[in-house]
Engineer: 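Dropping a structure here in structure tokens format, bear with me for questions.
These numbers come from a predicted model, not from an experiment.
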Amino acid sequence: MAPENKNRATAAAILPLVGGARNIDSIAHCMTRLRLGLKDRTLVQDDALKALPAVMGVVEDDTYQIVLGPGTVARVSPEFEALVAEESASQPTCSPTELAAKGAELKAARKAANATPFKLFLRKVANIFVPLIPALIGCGVIAGLNGLLVNLGWLPGVTPALAAIASGFMALIAVFVGYNTAKEFGGTPVLGGAVASIIVFAGVAKITVFGQTLAPGQGGVLGALGAALLAVYVERWCRRWVPEALDVLVTPTLTVLVSGLVTLYGLMFLAGEVSTGIGHGANWLLDNTGAFAGLVLGGLFLPLVMLGLHQALIPIHTTLIEQQGYTVLLPILAMAGAGQVGCAMAVYLRAKHNEPLRTTIKSALPAGFLGVGEPLIYGVSLPLGRPFVTACVGGAAGGAFVGLFSMLGDKVGSTAIGPSGWALFPLLQGSHGLGTTIAIYAGGLLVGYAVGFLATYYFGFTRAALTDLNTAPVSTETETEAETGASADAPAEQPATA
């Protein structure tokens, strides 16, 4: 079957299980998940959806999220959107008002339960940076390749071109952040980008603020975020008070002027101080408490992934990359995925008679080795309970290993954000050469795998839980046969998934 047909078949299998096109309010996707806004949550057939071969798990947050994995989700999403459009066009436009009202009520109740102001703000911040990840990855890999060629002395005529390709996006990332910020917070995106572009304009070097000359790029992505957010509020004020006949001329002018002046004479300086503080803080933390910091960061990252809040760390990573050329936090956080992989391998061995669970692990492990943790989290460790904790223990051990070497002066960093696990190797950069950096990171992965495996194998299950994990449910037919003596010795074939 051609890949296009396979992706369309996956989309076609998903659509009826989420209530059909009438039940879809919105469609989006991130690196691993198809995110659906639903009118009526009760129409979703969770068990049937999870049983689909392409589905690695589901997550319910402000949207209903179907984990398909990297690459797959980018191919299935357009097919899904096309099917929804086709089905909607072929159905009567007047959907039942009862369904719409019930769906709106359920959606509002779900949002009210989960939507604290802090979580909503973090989600918005994540939505600003997540679309930038593909470019960060691509440019990061090219930067790593260029660094390797420079160190080896190979292709000296090509390396300047690679440096330009890798650096162009990072030089203008503030503009993209400003554009996405305005878009996410309800302003005009191009005005957000216009205000943020002031930060990277070379001419700011002629401006003195608080006795200091501004530097192009000062404040980085944090300054761009603040500038664009200010532009949104100035634009809203203008839309409210400027006469409609003058709006097209006055509103954009005042938005850029007021926000630009505040950015130049306040935000750039303040954001620059905050950015510098983040860099100094990260370095101090790893220089002085590296092993302990790695233990905490590696151990707590899986719960952040589970809650979907790990994306809020992207501005910190990006700030560190802007300042130092790499983020020292990502390799430590990546150890959480190693603990998860070790945990899954232990569960596979312990669940000898639970074929559905073992099948789930076999399908999700390749993604886990490449740093995509959601399938193993939602399909394996989290439903089992205690293995989720032992996976965190493995991540803590790996993080402590990498953090210890940071204390000893061997920092390990990543030139971009997004991948982890084995996929992070092409992005590694450190303070003492690529070979040392790769060895430390690989050692951390091995420690995470080993500790996650051992902790889960020996402490991941109570005796009763292990018995339940490997005990098959007896069907009604088997019970009847056993009572009549027709099949008293027939073993159960379908073990239950804990």
Engineer: Any chance the side chains of Tyr64 and Asp46 put a donor and an acceptor closer than 3.5 Å?
Structural biologist: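 There is such a pair (donor and acceptor under 3.5 Å, judged by atom type) between the side chains of Tyr64 and Asp46.
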
Engineer: Atom CG of Leu285 and atom CG of Asn283: how far apart are they, to the nearest 0.5 Å?
Structural biologist: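 Those atoms lie 9.5 Å apart.
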
Engineer: Please report the interatomic distance CG(Leu83) to OG1(Thr10), rounded to the nearest 0.5 Å.
Structural biologist: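 Separation between the atoms: 10.5 Å.
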
Engineer: Under the side-chain contact (heavy atoms from CB on, under 4.5 Å) test against Ile198, which residue among Leu264, Leu267, Val175 passes?
Structural biologist: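 Testing Ile198 for a side-chain contact (heavy atoms from CB on, under 4.5 Å) against Leu264, Leu267, Val175 leaves exactly one candidate, Leu264.
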
Engineer: Would the number of heavy atoms belonging to other residues, nucleotides or ligands and lying under 6.0 Å from OH of Tyr233 be above 12?
Structural biologist: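 For Tyr233, atom OH is not crowded (no more than 12 foreign heavy atoms under 6.0 Å).
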
Engineer: Please name the pair of heavy atoms, one in Thr327 and one in Pro331, separated by the smallest distance, quoted to 0.1 Å.
Structural biologist: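 It is O-CD, 3.4 Å.
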
Engineer: Can you measure from CG (Leu230) to OG1 (Thr263) and round to the nearest 0.5 angstrom?
Structural biologist: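 That separation rounds to 6.0 Å.
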
Engineer: Determine yes or no for a side-chain-to-main-chain donor-acceptor pair under 3.5 angstrom, with Asp25 supplying the side chain and Gly37 the backbone.
Structural biologist: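 No, because the side chain of Asp25 does not come within donor-acceptor range (under 3.5 Å) of the backbone of Gly37.
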
Engineer: Within a reach of under 6.0 Å around CZ of Arg386, are more than 12 heavy atoms found that belong to other residues, nucleotides or ligands?
Structural biologist: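 It does: Arg386 CZ has more than 12 such atoms within range.
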
Engineer: Hey, are the side chains of Ile321 and Met170 touching, using non-hydrogen atoms and a 4.5 Å cut-off?
Structural biologist: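 A side-chain contact under 4.5 Å exists here.
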
Engineer: Could you check if a side-chain atom of Ser414 sits within less than 4.5 angstrom of a side-chain atom of Tyr326, using non-hydrogen atoms only?
Structural biologist: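 No; the side chains remain at least 4.5 Å from each other.
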
Engineer: For Asn127 and Glu184, test the side chains for any donor-to-acceptor distance below 3.5 angstrom and give the result as yes or no.
Structural biologist: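 Per modelled atom types, Asn127 and Glu184 side chains form a pair under 3.5 Å.
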
Engineer: Is the shortest side-chain heavy-atom distance between Gln429 and Leu434 below 4.5 Å?
Structural biologist: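 No, every pair of side-chain atoms sits at 4.5 Å or beyond.
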
Engineer: Show the numbers, then the answer: is there a side-chain contact (heavy atoms from CB on, under 4.5 Å) between Leu286 and Met407?
Structural biologist: CA-CA 6 Å; Leu286 294 179; Met407 288 180 66; over 6 Å; no

Engineer: Which heavy atom of Asn7 sits nearest a heavy atom of Arg75, and at what distance?
Structural biologist: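 Taking Asn7 first and Arg75 second, the nearest heavy atoms are ND2-CB, 3.4 Å.
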
Engineer: Looking at Val73, Ile66, Val18, which hits side-chain contact (heavy atoms from CB on, under 4.5 Å) with Phe80?
Structural biologist: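 Of all the options given, the one that passes is Val18.
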
Engineer: Quick check: do Asn180 and Pro131 have side-chain heavy atoms less than 4.5 Å from each other?
Structural biologist: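 Asn180 reaches Pro131 side chain to side chain.
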
Engineer: Gly398 and Val447: which non-hydrogen atoms are nearest, and at how many Å?
Structural biologist: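 Looking at all heavy atoms of both residues, the shortest contact is N-CG1, 3.9 Å.
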
Engineer: For Ala231 and Thr255, which heavy atoms make the closest approach, and how far apart are they?
Structural biologist: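 Where Ala231 meets Thr255 most closely, the heavy atoms are O-CG2, 3.5 Å.
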
Engineer: Rounded to the nearest 0.5 Å, how far apart are NE2 of His317 and CD1 of Ile314?
Structural biologist: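 His317 NE2 to Ile314 CD1: 7.5 Å, rounded to 0.5 Å.
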
Engineer: One pair to check against side-chain contact (heavy atoms from CB on, under 4.5 Å): Phe405 and Lys411. What are the steps and the verdict?
Structural biologist: CA-CA 7 Å; Phe405 279 91; Lys411 285 189 172 62; over 6 Å; no

Engineer: Tell me, do Leu68 and Ile14 make a side-chain contact under 4.5 Å, heavy atoms counted?
Structural biologist: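 Counting from C-beta outward, Leu68 and Ile14 do come under 4.5 Å.
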
Engineer: Tell me the closest heavy-atom pair linking Gln340 and Ala391, and the distance in Å.
Structural biologist: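 Of all heavy-atom pairs spanning Gln340 and Ala391, the closest is CA-CB, 3.9 Å.
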
Engineer: Parallel, tilted or perpendicular: which fits the ring planes of Phe176 and Phe169, with parallel below 30° and perpendicular above 60°?
Structural biologist: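 Ring orientation, 0 to 90° scale: tilted.
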
Engineer: Using a strict threshold of under 4.0 Å (side-chain N to carboxylate O), is an ion pair present between Glu235 and Arg239?
Structural biologist: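 Looking at Glu235 together with Arg239, the answer is yes, because their closest N to O distance falls below 4.0 Å.
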
Engineer: Does the plane of the ring in Phe369 sit parallel, tilted or perpendicular to the ring in Tyr449? Use 30° and 60° as the thresholds.
Structural biologist: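 If you compare the ring of Phe369 with that of Tyr449, the planes turn out perpendicular.
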
Engineer: So how far is it from Trp422 CH2 to Leu445 CG, rounded to the nearest 0.5 Å?
Structural biologist: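 Reported to 0.5 Å precision, the distance equals 9.0 Å.
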
Engineer: Flag this pair as yes if the NZ/CZ of Lys124 is under 6.0 angstrom from the six-membered ring centre of Phe185 and inside a 45 degree cone about the axis; otherwise no.
Structural biologist: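 Ring-cation test returns yes.
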
Engineer: Taking atom OG1 of Thr415 and atom CG of Leu427, what is their separation to the nearest 0.5 Å?
Structural biologist: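 Atom-to-atom, Thr415:OG1 and Leu427:CG are 4.5 Å apart.
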
Engineer: Show the nearest heavy-atom pair for residues Cys238 and Leu254, with the distance to one decimal.
Structural biologist: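 Between these two residues, the closest heavy atoms are SG-CB, 3.8 Å.
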
Engineer: For Leu365, which of Leu376, Leu370, Thr360 qualifies under side-chain contact (heavy atoms from CB on, under 4.5 Å)?
Structural biologist: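 Among the candidates, only Leu376 passes.
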
Engineer: Do Thr181 and Phe129 make a side-chain contact, defined as non-hydrogen atoms from C-beta onward lying under 4.5 Å apart?
Structural biologist: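 They are not in side-chain contact.
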
